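A quick write-up on the structure given underneath.
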Amino acid sequence: LSIDGDDDSLSTATGSTNNYGVYNESSSPSMDNVTATGTGGTNNNYGVYNGDSSSPTIRNSSITGTTNSIRDSSSSSSSQVADTALGGVVTGGGFTCVGVYDTAFAPLNASCV
C-alpha cells in the first residue's frame, strides 16, 4: 500500500469517541506527503495508529494527534519516519526517525522524542 500526497492528501478525524487520521492493521504502507490528524474525540485521538505487525514508512508529512501523533500498539509494530512534523508524542513499538521535528520546529531524536 502506498499513500502519496502529491495531490495534498489530507486525512482528518474529529468528534468521535476515538479518532484516527490513519489506522493501519497488519500493513506496512508507504506514506509520502500526507497530513493525518486525529483530534476532538472524547477518549483517544491518533494521527497514525498502527495495530499488530504494522510498520509504516512516513516521509515529508505532518502527523498530529492529541493523544499520540503516532501509536505503535504492539512490540511487533514499528514506524520509520523521515523529514516529518509531529504534533504530539509517539508511543509504543520501535521508532526510527531522521530529520523529524515537533510543531515548534524543535528536532526530535532517532526515537522521535
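Just so it is clear, the model here is predicted, and its values are computed rather than measured. Atom set for the values below is all heavy atoms of this structure, side chains included, hydrogens, waters and symmetry mates excluded. The residues of the chain are indexed from 1 along the displayed sequence.
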Just by distance, do the side chain of [X] and the backbone of [Y] share a donor-acceptor pair under 3.5 Å?
X: N19; Y: T39; result: yes
X: S76; Y: S74; result: no
X: S111; Y: N109; result: no
X: T84; Y: S61; result: yes
X: N18; Y: N44; result: yes

Taking side chain as C-beta onward, heavy atoms only, is [X] less than 4.5 Å from [Y]?
X: C112; Y: L86; result: yes
X: S69; Y: T64; result: no
X: V22; Y: M31; result: yes

Can you tell me how far apart CG (D32) and OG1 (T57) are? Round to the nearest 0.5 Å.
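Atom-to-atom, D32:CG and T57:OG1 are 8.5 Å apart.
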
So how far is it from I58 CD1 to D83 CG, rounded to the nearest 0.5 Å?
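I58 atom CD1 to D83 atom CG measures 12.5 Å (nearest 0.5 Å).
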
CA sep, side-chain torsions, deciding dist, call: R59, S30, side chain to side chain contact (heavy atoms under 4.5 Å, CB included):
CA-CA 8 Å; R59 292 182 184 93; S30 177; 3.9 Å; yes

Parallel, tilted or perpendicular: which fits the ring planes of Y49 and Y20, with parallel below 30° and perpendicular above 60°?
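Geometry flag for Y20 against Y49: perpendicular rings.
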
Using the side chain to side chain donor-acceptor pair (under 3.5 Å) rule, pick out the option among S79, S54, S77, S78 that qualifies with D72.
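Result: among S79, S54, S77, S78, S79 is the only option passing the side chain to side chain donor-acceptor pair (under 3.5 Å) with D72.
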
Verify the distance criterion only: is there a donor paired with an acceptor across the side chains of N50 and N24 at less than 3.5 Å?
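Yes, a side-chain donor-acceptor pair sits under 3.5 Å.
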
Are V48 and Y23 connected in a single hydrophobic cluster, I mean Ile/Leu/Val/Met/Phe/Trp/Tyr linked by side-chain heavy atoms less than 4.5 Å apart?
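No; tracing contacts between hydrophobic side chains, which count when under 4.5 Å, never links both residues.
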
Pick out which of V113, N68, I70, T67 makes a side chain to side chain contact (heavy atoms under 4.5 Å, CB included) with V89.
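Among the candidates, only N68 passes.
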
Of all residues at least two apart in sequence or in a different chain, which pass the ring pair (Phe, Tyr, Trp, His ring centres under 6.0 Å) check with F95?
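F95 satisfies ring pair (Phe, Tyr, Trp, His ring centres under 6.0 Å) with no residue once adjacent residues are dropped.
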
